[in-house]
Every structure is written in C-alpha cells, then in structure tokens.
Amino acid sequence: MINQKYHFDITPHIVKQLGEQLVSDEITALLELIKNSFDADATYVSIEINTTGQYTKEKLFYPNHRGFIVVEDDGFGMSENTIMKSWLLISYSPKIRKQSQWQSQLQ
C-alpha cells in the first residue's frame, strides 16, 4: 500500500466553482480584466464604461443590451502552448515561478 501512487481527480466544474469564489462581484471582475492586461505586458489599458448606451462596433450575442464595458490594451495574447501548459493548469503562475528562480539565485 505504501508504494501506491495517489493523485487527485477533479471535474471541469471546479473551474466554475473557483471562478465564482475568486470573482464574486462586478468590481472584482473588472479588476481581473485590468490585471490580465498587466500579465500580458501591456503598456496601456483603456476602459470605457457606458451604463445606458449600446455597443455597436461588433455583432453581439445579446443585441438588445443596455450598457457595456470595453477593456482594451496593447498586451500580447497567449499562444496555444501557453494556454495548454499554463492557463489550463489551475493555480499556475509564471510570475511566482520567476520570482522563486530569482530568489534562489540570490542564495
């Protein structure tokens, strides 16, 4: 029994559960979008919040909406490799990994 290897199994539903716990309201969701721009090494972020108008620049799934938020930046998107090796790996953070490598070089 000691030589057996154990591992956790999870369902994809965990992503929804974690998301609801981490992003619990509209303010947190907007801050997450801004942090995503930082993570994408953006040099600027533009935020447009319109609480009454309609967004007409693209065809939308809900065309009769009222109000919209646009977050635009000049950051870099993710490659397929980054999505597969980082984004789909829950709790992975390359910045934490880099910080850990940097700290070990100081020792």
Side-chain angles (χ1 to χ4, degrees):
M1 183 100 175
I2 291 177
N3 292 332
Q4 278 188 320
K5 293 184 180 183
Y6 296 95
H7 69 277
F8 284 101
D9 284 325
I10 61 170
T11 67
H13 184 68
I14 189 71
V15 175
K16 182 178 185 291
Q17 289 175 315
L18 290 173
E20 288 174 350
Q21 291 175 5
L22 295 173
V23 182
S24 57
D25 57 44
E26 295 84 359
I27 303 286
T28 305
L30 184 57
L31 289 172
E32 272 302 310
L33 292 173
I34 296 166
K35 288 195 302 188
N36 288 348
S37 297
F38 173 78
D39 288 342
D41 294 324
T43 60
Y44 87 94
V45 178
S46 172
I47 302 168
E48 178 183 358
I49 300 174
N50 183 318
T51 59
T52 59
Q54 286 193 322
Y55 186 77
T56 58
K57 293 182 182 176
E58 296 178 30
K59 185 177 179 183
L60 302 176
F61 190 76
Y62 295 105
N64 297 324
H65 68 282
R66 196 169 93 202
F68 61 90
I69 298 174
V70 175
V71 179
E72 178 183 78
D73 66 44
D74 65 346
F76 299 97
M78 290 188 278
S79 67
E80 182 179 359
N81 186 53
T82 300
I83 291 170
M84 297 301 291
K85 303 272 185 194
S86 303
W87 191 75
L88 291 177
L89 181 60
I90 294 174
S91 194
Y92 175 81
S93 173
K95 293 185 188 286
I96 291 173
R97 186 173 173 205
K98 285 179 187 177
Q99 182 181 11
S100 159
Q101 290 172 346
W102 180 76
Q103 287 175 343
S104 67
Q105 289 174 354
L106 291 176
Q107 295 174 346

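The chain is numbered in sequence order, starting from 1.
The side-chain heavy atoms of V71 and N36, taken from C-beta on, include no pair separated by under 4.5 Å.
Of all the heavy atoms in G75 and A42, the pair that sits closest is N-CB, 3.7 Å. For the residue pair Q54 and H65, the shortest heavy atom distance occurs at NE2-O, 2.9 Å. When all heavy atoms are compared, the tightest approach of D41 to F76 is CB-CD1, 4.4 Å. In this structure, F61 and P63 approach most closely via the heavy-atom pair O-CD, 3.2 Å.
Remark: Y55 engages F68 in a ring pair (Phe, Tyr, Trp, His ring centres under 6.0 Å) (not counting sequence neighbours). For D25, the side-chain contact (heavy atoms from CB on, under 4.5 Å) criterion is met by I27, T28, not counting sequence neighbours.
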Hey, mind stepping through D73 and I34 against side chain to side chain contact (heavy atoms under 4.5 Å, CB included) and telling me if it holds? CA-CA 9 Å; D73 66 44; I34 296 166; over 6 Å; no
Verdict with reasoning, T52 to N50, per side chain to side chain contact (heavy atoms under 4.5 Å, CB included): CA-CA 6 Å; T52 59; N50 183 318; 3.7 Å; yes
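Both V45 and I69 are members of a single hydrophobic cluster when ILVMFWY side chains are connected at heavy-atom separations under 4.5 Å. Residues L33 and I47 share a single hydrophobic cluster, defined by chaining ILVMFWY side chains whose heavy atoms lie under 4.5 Å apart.
In the displayed structure, Y62 atom OH is contacted under 6.0 Å by at most 12 heavy atoms of other residues, nucleotides or ligands. When the shell of 6.0 Å around CE of M78 is examined, it contains more than 12 heavy atoms from other residues, nucleotides or ligands.
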